[in-house]
Amino acid sequence: MATGMPLFPGRSDIDQLFKIFQRRGTPTSEMWPACTRLPHYNPDFPSWPEHPITDFVSLESLGSNSAADLLTQILQYDPDRRIVCRSALQHPYFFEQ
């Protein structure tokens, strides 16, 4: 929303997944231990490395390092590592001047 463009502009389900993987990295058991147990997990998916959020959304568009940090926490694959709403609302981003 910060840029007015979708973060992961896929044209199909698999293209959408690949756009996410290309930008956020292909999920691994280190990132998300349960990913290998998902019903459609495919170990043959291409393997892309994880990239900082600012590699595809400029810090200028985000407005601050706090915004980049919050977005990174929101986009975690592993639900146990993803920021929860109550914590997100207390994130420093919302208290910046």
Side-chain angles (χ1 to χ4, degrees):
M1 290 189 337
T3 64
M5 303 292 293
L7 285 176
F8 313 110
R11 294 182 307 271
S12 66
D13 291 347
I14 195 68
D15 188 45
Q16 184 79 43
L17 280 175
F18 282 8
K19 294 284 192 246
I20 294 167
F21 294 170
Q22 288 167 347
R23 291 168 174 80
R24 297 299 300 144
T26 304
T28 64
S29 56
E30 291 79 36
M31 285 178 177
W32 181 13
C35 78
T36 58
R37 296 191 310 265
L38 294 171
H40 299 289
Y41 172 77
N42 184 345
D44 296 326
F45 274 157
S47 181
W48 286 286
E50 185 174 8
H51 296 281
I53 197 78
T54 53
D55 278 7
F56 54 95
V57 181
S58 73
L59 193 55
E60 182 179 273
S61 294
L62 291 170
S64 69
N65 286 322
S66 291
D69 179 66
L70 178 59
L71 187 54
T72 298
Q73 290 187 52
I74 289 170
L75 294 175
Q76 290 296 309
Y77 287 123
D78 185 348
D80 293 334
R81 294 181 184 165
R82 194 177 306 135
I83 193 168
V84 296
C85 184
R86 188 173 305 274
S87 296
L89 291 172
Q90 298 305 313
H91 192 277
Y93 168 75
F94 292 109
F95 300 96
E96 291 178 343
Q97 296 288 325

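The figures that follow rest on heavy atoms only: side chains count, while hydrogens, waters and symmetry mates do not.
Atom CG of Asp13 has 12 or fewer neighbouring heavy atoms from other residues, nucleotides or ligands inside a 6.0 Å radius.
Nearest heavy-atom pair, Gly25 versus Tyr77, reported as atom, atom and distance to 0.1 Å: O-OH, 2.6 Å. Here the closest non-hydrogen pair linking Ser64 and Leu59 is O-CD1, 3.3 Å.
Think of Tyr93 as one node in a network of Ile, Leu, Val, Met, Phe, Trp and Tyr side chains linked at under 4.5 Å; its network also takes in Leu70, Ile74, Ile83, Phe94, Phe95. Apart from Leu89 itself, the hydrophobic cluster it occupies contains nothing, where clustering links Ile, Leu, Val, Met, Phe, Trp and Tyr at side-chain heavy-atom distances under 4.5 Å.
Of the charged side-chain nitrogens involved, none lies within less than 4.0 Å of a carboxylate oxygen, so that Asp78 and Arg82 do not count as a salt-bridged pair.
Using the six-membered ring where Trp is involved, Trp48 and Phe21 have ring planes that are tilted, between 30° and 60° apart.
Between Arg24 and Pro49, every side-chain heavy-atom pair lies at or beyond the 4.5 Å cut-off. Asp69 is listed as a side-chain neighbour of His91, based on a closest heavy-atom distance under 4.5 Å.
The backbone N or O of Pro46 sits less than 3.5 Å from a side-chain atom of Thr26, completing a donor-acceptor pair. Remark: the backbone N or O of Asp15 is paired with a side-chain donor or acceptor of Ser12 at under 3.5 angstrom. Side chain of Gln76 to backbone of Thr72: a donor-acceptor contact under 3.5 angstrom is found. With Arg81 contributing its side chain and Met31 its backbone, the two residues share a donor-acceptor pair below 3.5 Å.
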- Task: Run the numbers on Ser58 and Glu60 for side-chain hydrogen bond (donor to acceptor under 3.5 Å, both in side chains), then give the verdict.
- Result: CA-CA 5 Å; Ser58 73; Glu60 182 179 273; 5.2 Å; no

